[in-house]
Structure formats: C-alpha cells, structure tokens
Amino acid sequence: MRLSKYFWKTLREISSDAEMESHKLLLKAGFIQQVTSGIFNYTPIGWKAISKIKEVIFQEMNLAGAFEVNLPVNQPIDLWEKSGRSKTFVPPLASFEDRRGNEMVIAPTHEETATFLAASYLDSYRDLPFIIYHIQTKFRDETRPRAGLLRVREFEMKDAYSFDKDEEGLDDSYRTMIKTYENIFRRCGLDVIKVEADSGPIGGKDSSEFISIASSGEDTIFSCDSCDYAANSEKAEFFKLDADKLSGNEDIKDIETPNITTIKGLSKFLNLSKDKIIKTVVYKFSKGLISVSIRGDLDINETKLRNYLNEDPKPATKKDLENHGLIEGYLSARNIKISSILDDSIDIDSSYVTGSNKENYHLKNVIPKRDLNYDEIIDVSLAQKGFNCIRCKGFLNEKRGIEVGHVFKLGTGYSEKLGAYFIDQKGNSLPSVMGCYGIGVGRLLAAVIEARHDKKGIIFPKTIAPFQIYLINLNNESQEVLDKSNYLYENLKKLNYDVLFDDRNETPGVKLNDSDLLGIPLRLLVSKRTLSEQSVEFKPRDAEQSKLISIEEIFQEVDRFYNSIDT
RNA sequence: CGGGGCGUGGCGCAGCUUGGCAGCGCGCCUGCUUUGGGAGCAGGAGGUCAGAGGUUCGAAUCCUCUCGCCCCGACCA
C-alpha cells in the first residue's frame, strides 16, 4: 500500500479525555474515532489490525475442530423469554419494535440463538459433541463505558458454544477451548494467566478468565507465589489462619462501649486484635433480612454472597434494622429472628467479642456454637494480598489485569429451556451439556497495545501487525532514492509481503515518527545516505539499533526476519 | 444511578472570575526555500462559542433548563 494513497493519518494532538496508554495510542495512530460514548468507528488500518486478530482466532478455532456459523444481531424477544433472561440480563437488553409490532432484541450475547440452532440440528448422541462459534457485533448498554476500547457498548466478540452428551464430554471440550485460548493469546503476543472466576449473569458452574497482566487493568486478581492457584478477587478463596484463638466457656458478659461502632474502634478500645471480634453486617434481599457474620479482620465478598442467595444483596437501611430491633454499630447474631450466615473464618468453639443488639454495649465470651443463631456456615470473605493460598498455604500476590477471554461451563440450563435435547444409547431424551467461550476482539487489541508499547508508540507482534513492513523513501527529491524504494516495494509485494510504503512528500521526522507510532515490526529505509553504500537500513521496531543491508541481500534478510518463530 | 470536570474554526486549547472587535498552536490551501527525528518564510480559507430560554444598550462570559462527553464510585464481559 502506498501511503500517499491510503486512508490513514496520525494525530499530533489527542483529547485529554484519553487516559489509558492503549486509548491514547489507538487515537494518535489513527486506528479509531469515537462516535459516541463506548461506540467507535475503526479506520482502515484499525480494522485491519482487528482483522489480523480475527484471522488468528479463526485459525485456532478451526484447528480445534469448531465450526464457524453466523448468528443474528437482531433476535425476537421470545427466545430471551424462554431462557428467562429477558428481564434479568444486566445491562438491560436494548430492544425495538419491528413494523409488525414484534419486540426485537439487539443481541448482547448469543447463548439463546446458538442453543436454538443446536436444538434444530440435534437428534441423537451420534450428533455430539460439536462446537460452533462466530465473531459478531454485540451491543451492551453499559452504564459507564471507559478506557477506549477496553469497556465499550458495541464490540466484536468471538463466542463459541460447545455441546456434549455428558459432564465428561464437557470437561473435554472445556479443556480443548482453554488450550485453544492459550494458543490464541500467545500468538497475539500476550502473556495471560488463567484465573478462576465468577460466572456472573451468564450462569454456570466452573468458569475461568484469561487475564493480561497490566497495572492499568480494571480487574484485580490473586495468584499464589508457590503453586499455580490464581483467581479473580470476586472468586478468590484463601486459607483462614486461626492461630491462638481464645478458648473458654465463661458466661457471656456485657461490656460498656459507648459510641464505639466500628471494629477498628472496638479493637483499639479493648486492646484486642480484630480477629477476636465478630463483625456482623445485615443485608436485605427479597425474602427478608439476612445477617452475615465474619471474623473482624476480614471483609465480606458480596459476589460470593450473591451466588449463595441467587440475588444481589443490598445493605439494610437503618430503618430496616430498627424494624427488627437491631442497632447499627452494635449488631450481633445473638437472639435474632432473621436468617443468619456465618463465614467459615469463625471458629464456632472459640470465644469472641460481638455486638449485643443494645446501644453502647458489646458482649464478650461469646462462643458462636453456644450463643449465636446461625443457619449456615459458608465462605463469604474477600481475599487480600498476603493471605494464604487455599491449596498450598503459599502467599497470595495481588495483580491488576485486563480480562481478554472468559470461559464457562454452562451445564444444561440453556439446553433444557430452549430444547437442545438428544436421545442417548438407551433411548432416553437428555439435555445436551453446554459450555461457552468468549473473547472480546477490540479489547484484545487494546490489551496487546497496553502490554506492548514504548514512549514512541505501539510495538506490534508480527502475527497481528496491520502491515509487515514499513518502507520509507526518505528523500523525495532524489530520483535514485525514488527508484530504489519503488524497486524494493514492487519486489517485496511480489514476495507476498504486506508493505506500507511511506512515499509521502513529508519530512524525515514525520515519516520516522509515524513509523515508530504505528509499530510495524520491521522498518526498511532508503535514503541518499544508505544508497551511498548501496544498501538499505533495516530496523526491527523493538531493536535499539538499525543495520545497513546491501540491496542484493535485503530480501533474504527480510525472509530471515519473518521466518523466525518468535512474535 | 451518586460525586466531580468539560463543551469555543478540522484537531488540541486560551478567553468566562470583573459582559464591550472571536484568539492561540497544530492541521488545511497557494508560492518559494528546505530534506536523517513531527522544517522555514510569506500570503490565505475556515467559527450558529453544544442547544433553548432569560437578564442587559450589549452575552462565549451572568441566570434557568436541556443535550452530549470524560473521570471517580456503584454495576458489569
């Protein structure tokens, strides 16, 4: 491509609205233009980068034996009513009425249509297993789009759906997709770690996220320093140390604690470490109030609580508490009429300080097993860095990252609701067992740039760079430079290299800066200076120094560069 | 949805406090010069100051409402 004829300009200045490096670089390098909040135009070069990523995804998915399909953007709401997600999907579905008066949904994801397609195909166990996938535009009306391409409302997403006859089959498909994902991300030049994750509104049991580590990322993950356990903060479990707990069987006593309503304050007032105190928080949900008690040094993980309750817990208001005779700041699970959960950090045989449900008093010598009401003991605590790994007791490190892929074991929920049944060997009709696997393509591009850039610009890996070679003719007034750079351009094209030839009538500074900004892996430069030595300057984007290669050898040298396996 | 910020030629911004000719840089057009790290000189085009209403002799500037965008939080792939 001759740059003088191409639809591409870089920007000297970008809006101060952009804060993330990937966002700034995508704008500055002329890849995207914002149309409205969370919705972007892609320029030819920006879309070309997206296409390269898609190409990697297609190759790896096909290699894994998955079949490409296309599922529609516009879908009848009926399918969503069947799956039960028409009202529960968050963010809410965007919809419109067609001219027949039917309500149509602009699809935020494609479980419903994928299952619908599978249901029409699926008759027998002989039809299983299979994986179908597509790359399609999805629309999600996020409350707060942000950070350029990282959190948007309309985006390209690769979605795959696996169908198996049983759990073991699903395990195989799930493993295959994980392997495929690892290949995709590696080929895109990203280091990702796989973490255990919460499945959120998609539903299902096992779920893993693929996280590209970046300090600017919006997800917090914990990984063990001595084994391979890793999980995001919503899901992370940890080993709860209970060293030197207080034992005893003394009677409960009131302690006067005027105006002391926080664990921190109480710990200081009594000169007692926080883990000897039980913290109680009351939440409101549809069936009523629920009290959650946890060791005072820990915090409640509301995602774990939501998964247990199957709905979003909301903190109870002061009024809710008063209606049940409870007092903010002095809550306790003793003698309460509402449901009660204990976090498993609490040792029910040990002695603790708790609230008293009376103003200005706490209780000591509280032995939960003897003195507290509780219905269930579960894990509802939030991990923190330095806590001990649930598997090996090593230490958990905290990192930030960008979620680039998410895989779920869905089970039979969708296949039951949408009728994706098959007949097994014994003649029974059974729902197929599903998994689903997503990659945000635009987000992946942003994550690659976030991970691979320097002060001057992007550093693309060879696999997904929008062009392979950035060729510059540095001195436009020299006929010899023009001739030789044209010669290189034509011959590189014949060798099937995708060359961006910067033949613009611009000054050297402009051309060099644009080539660094764009970050094509290899730059070739022809100038009066290089031609005085019958050579061409050869510079990989990530190399410190350029080198001069003679014109006879330049094609071999380029082949050598592109045949090396690294990205 | 709560808190904060912003909206002025194509892009980036100043001007607004204290009302009085619509400014700057970049880009763009023409000409000459220049050519290894975002060139120089000269000339030129381009603006309903987000929108509506109000106050005033006079509003980019003050008041009211509306719309849009960004950041933090909540929520979320």
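Quick note on labels: first sequence line is chain A, next is B, and so on, each numbered from 1.
Within the 4.5 Å cutoff, no side-chain heavy atoms of A:K484 are placed close to those of A:N473.
Inspection of the A:D516 and A:Y470 side chains reveals no N or O donor paired with an N or O acceptor under 3.5 Å. A:Q136 and A:N70 share a side-chain donor-acceptor pair at under 3.5 Å.
As judged by a 4.0 angstrom heavy-atom cut-off over every strand, A:P92 is placed among residues making no nucleic acid contact. A:S546 comes within 4.0 angstrom of nothing in the nucleic acid, heavy atoms only. Residue A:E142 is classed as a base contact, given a heavy-atom separation below 4.0 Å to a base. Across all strands, A:D516 comes closer than 4.0 Å to base atoms (heavy-atom distances). Residue-level contact check: A:R523 touches the bases, meaning some heavy atom is under 4.0 Å from a base atom. Using a 4.0 Å heavy-atom cutoff across all strands shown, A:Q34 reaches sugar-phosphate atoms only and no base atom. No contact: A:V35 has no heavy atom under 4.0 Å from any strand. Nucleic acid contact for A:K158: none, since no nucleic acid atom lies under 4.0 Å from a heavy atom of the residue. In this structure, A:T10 reaches the bases: a heavy-atom distance under 4.0 Å links it to at least one base atom across the strands shown.
Remark: the separation of the C1' atoms in B:G47 and B:A14 is 15 Å, to the nearest Å. Rounded to a whole angstrom, the distance from the P atom of B:G58 to that of B:A42 is 42 Å. Nucleotides B:G12 and B:U66, compared at atom P, are 27 Å apart to the nearest Å. Comparing the P positions of B:C21 and B:A60 gives a spacing of 10 Å, expressed to the nearest Å. Here the separation of B:G10 from B:C65, taken at their C1' atoms, is 31 Å to the nearest Å. For B:A45 and B:G31, the C1' atoms lie 15 Å apart once the distance is rounded to whole Å. Rounded to the nearest Å, the gap between the P atom of B:A39 and that of B:G46 is 27 Å. A distance of about 9 Å separates the P atoms of B:U48 and B:G9, rounded to the whole Å.
A:K511 places its NZ atom 15 Å from the P atom of B:U35, with the value rounded to the nearest Å. In this structure, CG of A:N513 is placed 15 Å from C1' of B:U35, rounded to the nearest angstrom. Taking atom CD of A:E537 as the reference point, atom C1' of B:G36 lies 8 Å away to the nearest angstrom. The CZ atom of A:R144 sits 6 Å away from the C1' atom of B:C71 (whole-angstrom rounding). Atom-to-atom, CG of A:D514 to P of B:G36 comes out at 17 Å; the value is rounded to the nearest Å. What separates CZ of A:R140 from C1' of B:C75 is a distance of 14 Å, to the nearest Å.
Each of A:E13 and A:P91 was matched to the nucleotide of RNA chain B holding its nearest heavy atom; the match closer to the 5' end belongs to A:E13. Of the two residues contacting RNA chain B, namely A:A18 and A:I14, the nearest-nucleotide position lying further toward the 5' end is that of A:I14.
Across every strand in view, B:C49 sits unpaired, with no contact that passes the Watson-Crick or G-U test at under 3.5 angstrom. Here B:G20 sits opposite B:C57 as a Watson-Crick or G-U wobble pair (both hydrogen-bonding atom distances under 3.5 Å). Under the Watson-Crick and G-U wobble criteria, each requiring two contacts below 3.5 Å, nucleotide B:G7 is paired to B:C67. The partner of B:G2, taking Watson-Crick or G-U wobble pairs whose two distances both stay under 3.5 Å, is B:C72. Here B:A42 sits opposite B:U30 as a Watson-Crick or G-U wobble pair (both hydrogen-bonding atom distances under 3.5 Å). Across all strands shown, B:U35 remains unpaired; no Watson-Crick or G-U wobble contact has both distances below 3.5 Å.
Separating the CG atom in A:L26 from the CD atom in A:E21 is a distance of 11.0 Å, to the nearest 0.5 Å. To the nearest 0.5 angstrom, A:L445 atom CG is 13.0 Å from A:R443 atom CZ.
At a cut-off of 3.5 angstrom, the base of B:G36 holds no donor-acceptor pair with the side chain of A:N475. Between the side chain of A:K28 and the base of B:G38, at least one donor-acceptor pair of N or O atoms lies under 3.5 Å. Applying the 3.5 Å distance criterion, the base of B:G36 shares a donor-acceptor pair with the side chain of A:S527.
Each ring pair (Phe, Tyr, Trp, His ring centres under 6.0 Å) pair with one or both residues in residues 499-536 of chain A, not counting sequence neighbours, appears once here: A:Y489-A:F501.
For the pair A:R12 and B:G12, the criterion of a side-chain N or O lying under 4.0 Å from OP1 or OP2 is not met. OP1 or OP2 of B:C69 has at least one side-chain nitrogen or oxygen of A:T36 nearer than 4.0 Å.
Listed candidates were B:G37, B:A39, B:C75. Nearest to the side chain of A:V90 is B:C75.
Between A:F538 and A:F561, the ring planes lie perpendicular to each other; the angle is over 60°, past the 30° to 60° tilted range. Ring geometry for A:H406 against A:F408 counts as parallel: the plane angle stays under 30°, on a 0 to 90° scale with 60° as the upper cut.
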